[in-house]
Asker: 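The structure that follows is given in the form of C-alpha cells.
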2 protein chains.
Amino acid sequence: MLTVPLDEARARELAEAFAVLADPVRLRLLSLIASQPGGEVCACELAGPLGRSQPTVSHHLKVLFEAGLVDRERRGTWIWYRARAERLEPLRATLATPRAATRGRTAPRPGGGPPGAAGRRRARPG
Amino acid sequence: MLTVPLDEARARELAEAFAVLADPVRLRLLSLIASQPGGEVCACELAGPLGRSQPTVSHHLKVLFEAGLVDRERRGTWIWYRARAERLEPLRATLATPRAATRGRTAPRPGGGPPGAAGRRRARPG
DNA sequence: AGTATATATTGGCGGCGGTGAATGTTGTAC
DNA sequence: GTACAACATTCACCGCCGCCAATATATACT
C-alpha cells in the first residue's frame, strides 16, 4: 500500500512489474487468458484475435511468463497458459491508498504560508 | 476486472496508465506524496530524498500530474502536491481476477488431447 | 526417413523515454 | 528596480522495447 514511502529497491521491483503491464498486447493476452472459462487457453487461440504476428505474440507471452504472471504447460503440440492471480495481488495491493480522495482536505492557505513556518520567511516548509 | 477480454482501445488506455507507474522514481514520488500525514507535500521536499536532479523530478511530477494521479496547487513560491486516490482505483480494480489461483484447476491431459476434439486429430483446440 | 503444424529465437529497424546541464519563467523579499 | 529561490522547459545523449521477416526447434503423424 502507498501508506509508507517506497525504498529504491522495492520501487524498482514494482516498476518492473508494472512495465510488464504497460503494453496493450500483454494486457489483452492476460485478459484473454484470465477470462477463459476453464482457466486455461491454448496459445494457438491467442495469436489470432490480437492482430499481431506469431513471433510478437510469442514474445509477449514469454515476458508474461518470466514475470510470473502466467503459467504454461506443454501438452503435445500445444502449450496451455493459465493466469496466476496470486502474482497480481501484490500489485493490486500496492495501488491502495490510505485515505479517501475527498477526506482530510486541508483548506488552502491563500497567503502561501507553509505549515510550521509562522515566524520565518522564505524557509523551506516542513 | 480481468473477467472479460479487453478490446484494443481499453487495453491501450490501461497500458498508458500502467506505463506511468512503470518507473521507480514516479512510484517513489507517488508513495511519498500519498503517505504524507496532511495528504500534501511541497515539491521542494521531494527532490531531495530521490537522488535525482531537480529537472528529472520536475519531469516525473509532470507525468504524474498529466496522468491525473496527483493534484497540484501553487501557494506562493511553493507548489503542493496531493495524491488522487480515485484515479488509482480503476487501475487497482483492473488487476482483480475472477477466480482464486488454486481453484478450478482441471487435470492436465497427458495425451495432449485438446478439449472438444474427441474425434479429430491435429486440429486446433476449442 | 519426410512432412506438417505449433511455438521459440534471431536479427535488425524504428521509436519512445529517462537523464541531467543549461536555460527560462515565476514569485518573494529587499 | 535587483537579487535570490522554486519550479519548468529545452536540448541532446543513450539505452531499451515493440515489431516483423526469417529461421530454428519441437512434436506428431505417415
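So you know, we letter chains A, B, ... as the sequences are listed, proteins then strands, and number each from 1.
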Asker: Would you indicate which nucleotide in D/dC7, C/dG18, C/dG20 comes nearest to any side-chain atom of B/Ser53?
Answerer: C/dG20

Asker: How would you label the contact of B/His60 with the nucleic acid (heavy atoms, under 4.0 Å): base, sugar-phosphate, or nothing?
Answerer: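 Sugar-phosphate, no base atom in range.
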
Asker: Atom CG of B/Leu46 and atom C1' of D/dC7: how far apart are they, to the nearest Å?
Answerer: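 It is 12 Å, rounded to the nearest whole Å.
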
Asker: B/Gln54 CD to C/dT26 C1': how many Å, rounded?
Answerer: 13 Å

Asker: Which nucleotide in the list D/dG18, C/dA8, C/dT19 gets nearest to the side chain of A/Asp23?
Answerer: D/dG18

Asker: How close or far is atom C1' of C/dA8 from atom NZ of A/Lys62, stated in whole angstroms?
Answerer: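 So the NZ-C1' distance, A/Lys62 to C/dA8, works out to 8 Å.
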
Asker: Could you check how far CG of B/Leu64 sits from C1' of D/dA8, rounded to whole Å?
Answerer: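 Between C1' of D/dA8 and CG of B/Leu64: 15 Å.
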
Asker: Students often get this wrong, so: under 4.0 angstrom with heavy atoms, is A/Phe65 touching a base, only sugar-phosphate, or nothing?
Answerer: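 No contact.
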
Asker: Can you tell which of D/dC7, C/dT5, D/dC20 lies closest to the side chain of B/Trp78?
Answerer: D/dC7

Asker: Atom NE2 of B/His59 to atom P of D/dA12: distance rounded to whole Å?
Answerer: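 Value for this atom pair: 17 Å.
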
Asker: Which nucleotide sits closest to the side chain of B/Ser58: D/dC7, C/dA8, D/dC20?
Answerer: D/dC7

Asker: How long is the line joining CZ of A/Arg74 and P of D/dT27, in whole Å?
Answerer: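 It works out to 5 Å between those atoms.
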
Asker: Taking the side chain of B/Ala43 as heavy atoms from C-beta outward, which of D/dC7, C/dG20, D/dC20 is closest to it?
Answerer: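 For B/Ala43, the side-chain atoms sit closest to D/dC7.
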
Asker: Whole angstrom is fine here: how far is it from CG in B/Leu50 over to P in C/dG18?
Answerer: 14 Å

